[in-house]
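Have a look at the structure below, then the notes.
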Protein chains: 2
Amino acid sequence: MTMPLRSDGDGKTLMASVYDRLRGDIVDGELRPGARLRFDELKESYGVGLSPLREALTRLAAEKLVILEEHKGFRVAPISRSDLNDLLFMRQEIESLAIRRAIERGDDQWESAVVATIHALGKRDSLTEGGHIDPEWERRHRAFHDSLVAACDSPRLLLYRQQLTDHADRYRKLSHHYSSSGRDHLSEHCALSDAVIARDADLANQLIRKHLLRTVEIILSGEDLQKTGFDD
Amino acid sequence: MTMPLRSDGDGKTLMASVYDRLRGDIVDGELRPGARLRFDELKESYGVGLSPLREALTRLAAEKLVILEEHKGFRVAPISRSDLNDLLFMRQEIESLAIRRAIERGDDQWESAVVATIHALGKRDSLTEGGHIDPEWERRHRAFHDSLVAACDSPRLLLYRQQLTDHADRYRKLSHHYSSSGRDHLSEHCALSDAVIARDADLANQLIRKHLLRTVEIILSGEDLQKTGFDD
DNA sequence: AAGATAGATATTTTCGAAAATCAATAATAA
DNA sequence: TTATTATTGATTTTCGAAAATATCTATCTT
């Protein structure tokens with residue numbers, strides 16, 4: 001038995017690793033919407049060759065986080081009001097569907113996990129003293145929403161949900177305005193978890209739709225993306 | 001003006017072209033479920049180099065038509081009863097959602113197109129004299145279902161629908177049994193188009209779900225995949 | 001004989017260079 | 001001047017070879 005214990009970094013191919021980093025940088029808004037992605041620059045900044053870069057970008061293009069124009073190269077997917085509205089629509093449908101299915105199939109252990117994650121979420125303030133989103137809160141926030149659908153057993157539904165969440169996270173992080181909206185996350189999340197634990201699918205459905213809508217409303221009301229951010 | 005009139009084959013990159021061919025061969029069942037995809041063989045049969053092949057396979061992997069095991073290579077996605085059931089579930093949700101939205105937004109021109117495609121579909125028998133699915137019928141069948149959702153304006157919904165349709169087509173074509181089931185397609189399709197044109201979303205919803213379920217029932221009842229086809 | 005170890009082979013993954021395509025500029029003609 | 005055509009430079013796309021990893025077979029040990 002001579003396994004080097006997977007200190008990460010290896011076992012993974014370069015393509016998988018650069019895919020993760022690129023996706024992270026796009027979702028974090030580090031790579032701006034619409035920005036051209038030249039291979040010379042990417043080779044420089046990510047320290048890998050053409051092959052893994054092209055494959056990673058091809059994969060991201062399939063998820064629509066980047067777009068490929070043939071013979072012209074890759075760009076970070078632009079953002080627009082119409083795209084954000086489409087994203088909202090799909091998220092409302094997919095997320096409520098996943099929650100409904102989780103409520104149908106979830107067992108006691110699943111319920112307990114929901115209780116545990118909402119508790120952990122409540123123990124942490126969403127903003128740091130500097131007024132920015134707290135990374136630890138963000139992790140717990142994601143863990144909470146993931147726990148709601150953890151009992152959903154459809155691989156395809158969970159895959160689509162994951163992809164849509166990535167897109168939504170990007171919009172939220174690009175909206176600097178979002179963190180200063182004074183939104184009362186906790187009451188929304190508590191209502192949601194209560195409905196889920198009470199196995200009230202219709203109420204949970206209604207609450208998650210409102211929750212997602214509220215996020216988009218805040219993003220659209222902000223000044224920052226209003227000016228030059230959107231493509232439409 | 002010196003455009004060579006796009007005789008196809010060019011303008012498209014090699015990667016895009018080999019992607020189309022690979023996807024077609026997988027959906028047609030030419031490349032068997034679970035089959036290993038070795039680069040030496042693929043280079044031989046498709047006549048292209050490594051780079052476009054890897055990119056095409058990466059894209060197909062993102063759509064789950066092939067799977068990538070790191071350092072072990074690509075394989076055609078296996079088929080299984082559980083996957084087929086998951087596919088059915090998602091198709092029922094996505095397809096009915098798309099139809100509902102099309103009914104909400106479609107105009108007279110959209111209605112006319114539905115009438116035109118159901119008419120064209122009815123003029124053609126689904127089976128050839130040899131007892132196989134007629135390719136021309138298959139084109140019209142797809143055109144009919146596409147026309148139902150043509151007025152759906154959500155890019156994401158249509159993208160997911162397209163991907164799910166590819167997967168479903170593969171299962172159907174792998175089921176040799178399917179063509180000898182003596183299914184009465186036309187009455188199902190007519191009922192569906194009637195409901196859509198009457199703008200009865202609930203009825204259309206019910207009919208499309210039944211339509212998709214029936215397809216899976218036929219596939220699962222067949223002997224051919226029963227024996228060694230499925231992974232579970 | 002069963003299991004582990006090491007070497008050889010097959011295959012994937014990655015890099016660097018060549019070919020093809022696009023974009024921008026300069027030169028030419030109406 | 002305006003539009004069209006070459007020419008140059010930048011960039012993507014593709015190929016072929018090298019490096020890394022896995023798989024198979026034979027050998028050795030218990």
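Every chain is numbered from 1, with letters handed out A, B, ... down the list of sequences. All values derive from a computational prediction rather than experimental measurement.
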Looking at residues at least two apart in the chain, or sitting in another chain, which of them share a side chain to side chain donor-acceptor pair (under 3.5 Å) with B:S154?
-> A:D86
Considering residues at least two apart in sequence or located in another chain, which fulfil the side chain to side chain donor-acceptor pair (under 3.5 Å) criterion with A:R23?
-> A:D166
Just how far is it from atom CD1 of A:I208 to atom CD1 of A:I99, taken to the nearest 0.5 Å?
->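 One gets 4.0 Å once the value is rounded to the nearest 0.5 Å.
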Taken to the nearest 0.5 Å, the spacing of B:L212 CG from B:E95 CD works out to 6.0 Å
The helix from C:dA1-D:dT30 to C:dA30-D:dT1: angle between its terminal axes, five pairs each, to 10°?
->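 Terminal axis comparison yields 10°.
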Could you state the NZ-C1' distance from A:K12 to D:dA20, rounded to the nearest angstrom?
-> 18 Å
What residues form a salt bridge (charged side-chain N to carboxylate O under 4.0 Å, His left out) with [X], not counting sequence neighbours?
X: B:E41; answer: B:R38
X: A:D25; answer: none
X: B:E63; answer: none
X: B:E69; answer: B:R75

Going by heavy atoms closer than 4.0 Å, what residues in residues 65-76 of chain A are next to DNA chain C?
->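 Nucleic-acid contacts, sorted: A:H71, A:K72.
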Which of residues 50-59 of chain A sit near DNA chain C, with a heavy atom under 4.0 Å from it?
->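 A:L50, A:S51, A:P52 - these, ordered by number, are the residues of the stretch whose heavy atoms sit under 4.0 Å from the strand.
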Return the minimal non-hydrogen interatomic distance between [X] and [Y], and the atom names on each side.
X: B:A77; Y: B:R170; result: O-NH1, 2.8 Å
X: A:L174; Y: A:R32; result: CD2-NH1, 3.9 Å
X: A:L37; Y: A:L57; result: CD1-CD2, 3.9 Å
X: A:C152; Y: A:L157; result: SG-CD2, 3.7 Å
X: B:K43; Y: B:L53; result: N-CD1, 3.6 Å

Under the side chain to side chain contact (heavy atoms under 4.5 Å, CB included) test, residues paired with A:S82 that sit two or more places apart =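 For A:S82 the side chain to side chain contact (heavy atoms under 4.5 Å, CB included) partners, ignoring immediate neighbours, are A:S80, A:D232.
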Check: protein-nucleotides 6-9 of chain C nitrogen or oxygen pairs below 3.5 Å:
none

DNA chain D-proximal residues of residues 34-48 of chain B, any heavy atom under 4.0 Å | B:V48
Worked verdict on B:E104 versus B:R101 for salt bridge (charged side-chain N to carboxylate O under 4.0 Å, His left out) | CA-CA 5 Å; B:E104 283 170 13; B:R101 205 169 168 89; 5.0 Å; no
